[in-house]
Number of protein chains: 2
Amino acid sequence: MQISSRFTIAIHVLTCIDTFQDEYKVTSDFLAGSVSVNPVVIRRLLQQLKAAGIVKVTRGSGGAEIAKPLSEITMFDVYKAVDSVGHGDLFHFHENPNKECPVGRNIHNVLDDKLNQIQNAMENTMKSITIQEIVEETKCYIQNES
Amino acid sequence: MQISSRFTIAIHVLTCIDTFQDEYKVTSDFLAGSVSVNPVVIRRLLQQLKAAGIVKVTRGSGGAEIAKPLSEITMFDVYKAVDSVGHGDLFHFHENPNKECPVGRNIHNVLDDKLNQIQNAMENTMKSITIQEIVEETKCYIQNES
DNA sequence: AGCGATGTAACAATTGACATTACAACAAGG
DNA sequence: CCTTGTTGTAATGTCAATTGTTACATCGCT
């Protein structure tokens, strides 16, 4: 299975908030319009980002803003915040290898190490990319349109 | 969502085939016993591994064997063979960002590049680990048991 | 108080993984 | 050549997660 689209939606949302915060009141309806999903999906997402300290959402009057400098938010932070994969681990290990079998009772020890290597390679790359980069590149694309 | 357990099962299966090929006839029932899943799950998996040229399966008389040297099979080969993630891509991009929105119509271009970087980091690590390493380490563990 | 938002529960629809049953196709031994 | 053990594969069921949607209580501001 693929990593939940919550991840790409979250990055889209953060980019929108930063890009439009001076021009518009950035509500869940506004964001839902840009992403093309139901506003409730956005609200749920914003709750997760808020819990991770990435955004602030103001009830009542409405609108979302980003809680800390974009350069301090990495793709990994977002990935974790929106719970992109279940249970924290990228790989799903089959639960009950047969303990009567020599391979069955040892495969977990051997594989865990390798799977962690792979997962770390991925997560480290995520940590090296900030949302700031993404926002800036997006602004470049937008300017080049005109 | 996590990567399908087919991936870890496949590696378990390859390790079993190599470990037990001289002692037993390695049938889908035998493998199913070690992994603790239904034999049909193993057969489907073996079909995928066979299509990728990783194993040979003999009908009728039964039994599976590995088709090429273990040192030439990487975790990435297995990952691809069993179709661990759908559609080839690790990330699920939300389909219809709003083209009326400057961010909506450009986010795909910006993000695709970053997502590929991440995916490549993961896949390259997979390519650097061979099944031979895994089999050998497993044998070490088994010997240290006695 | 009323308006415009958010927060969240409830529920349906869809999808994919995995388990299981059933049976046809096949290879080899007696 | 026919029985036996096995593979190949279709059909079906179950379960969990994602996503969409409706509904409404709650809240902040004017």
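Values below: every heavy atom of this structure, side chains too, minus hydrogens, waters and symmetry copies. Letters A, B, ... mirror the listed sequences (proteins, then strands); counts begin at 1.
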Query raised in the report: For the atom pair CG (Leu14(A)) and CD1 (Ile107(B)), what is the distance rounded to the nearest 0.5 Å?
Result: 9.5 Å
Report task. In sequence, state the C-alpha distance, the side-chain angles, and the governing distance for Leu115(B) and Met75(A), and then conclude on side chain to side chain contact (heavy atoms under 4.5 Å, CB included). Result -> CA-CA 10 Å; Leu115(B) 298 179; Met75(A) 291 189 83; 4.1 Å; yes
Report task. Mind listing the residues from residues 47-58 of chain B sitting with a heavy atom below 4.0 Å of DNA chain D? Number order is fine. Result -> Gln47(B), Lys50(B), Val57(B), Thr58(B)
Query raised in the report: Counting just side-chain N and O atoms, does Ser4(A) come under 4.0 Å of either OP1 or OP2 of dT19(D)?
Result: yes
Query raised in the report: Roughly how far apart are Phe7(B) CZ and Leu45(B) CG, rounded to 0.5 Å?
Result: 11.5 Å
Query raised in the report: Say you draw a straight line from CD1 of Ile11(B) to CZ of Arg6(B); how long is it, rounded to the nearest 0.5 Å?
Result: 13.0 Å
Requested in this report: Let me know the distance between CD of Gln2(A) and P of dT15(C), rounded to the nearest Å.
Outcome: 14 Å
Report task. By nearest nucleotide on DNA chain D, pick out whichever of Ala64(B) and His92(B) is the more 5' one. Result -> Ala64(B)
Report summary line: Taken in chain and number order and not counting sequence neighbours, the residues that satisfy side-chain hydrogen bond (donor to acceptor under 3.5 Å, both in side chains) with Glu23(A) are none
Query raised in the report: How about His12(A) and Ser34(A): does a side-chain donor come under 3.5 Å of a side-chain acceptor?
Result: yes
Report summary line: The reported gap from NE2 in His108(A) to CZ in Phe93(A) (rounded to nearest 0.5 angstrom) is 4.5 Å
Query - Reported NZ-to-OG1 distance for the pair Lys139(A) and Thr19(A), which is rounded to 0.5 angstrom - result: 5.5 Å
Query raised in the report: Does Tyr79(A) reach the side chain of Ile118(B), with side-chain heavy atoms less than 4.5 Å apart?
Result: no
Report summary line: Residue pairs meeting ring pair (Phe, Tyr, Trp, His ring centres under 6.0 Å), one or both in residues 21-67 of chain A, sequence neighbours left out, come to Phe20(A)-Tyr24(A), Phe20(A)-Phe30(A), Tyr24(A)-Phe30(A)
Report task. Ignoring hydrogens and angles, tell me if any N or O in the side chain of Asp113(A) forms a donor-acceptor pair with the backbone of Val110(A) under 3.5 Å. Result -> no
Query raised in the report: Where along nucleotides 20-30 of chain D does protein come under 4.0 Å, by heavy atom, of base (B) or sugar-phosphate alone (S), with - for untouched nucleotides?
Result: BBBB--BBSS-
Hey, what are the protein-to-nucleotides 13-16 of chain D N/O distances that come in under 3.5 Å?
none

**Report entry** Distance, nearest 0.5 Å, that separates OG of Ser36(A) from NZ of Lys99(B)
**Finding:** 8.5 Å
Query raised in the report: Do His94(B) and Thr8(A) have side-chain atoms, one donor and one acceptor, less than 3.5 Å apart?
Result: yes
Report summary line: When rounded to whole Å, the CD1 to P distance for the pair Ile42(B) and dT9(D) reads 16 Å
Query raised in the report: In whole Å, what is the span from the CD1 atom of Ile3(B) to the C1' atom of dA17(D)?
Result: 16 Å
**Report entry** Presence of Ser5(B) side-chain N/O under 4.0 Å of dC18(C) phosphate oxygens OP1/OP2
**Finding:** yes
**Report entry** Stretch residues 17-35 of chain A: residues that reach within less than 4.0 Å of DNA chain D through a heavy atom
**Finding:** none
Query - Separation of atom NE2 in His94(A) from atom P in dA17(C), rounded to whole Å - result: 17 Å
Requested in this report: Quickly work out the Arg6(A) CZ to dT18(D) C1' distance and round it to whole Å.
Outcome: 7 Å
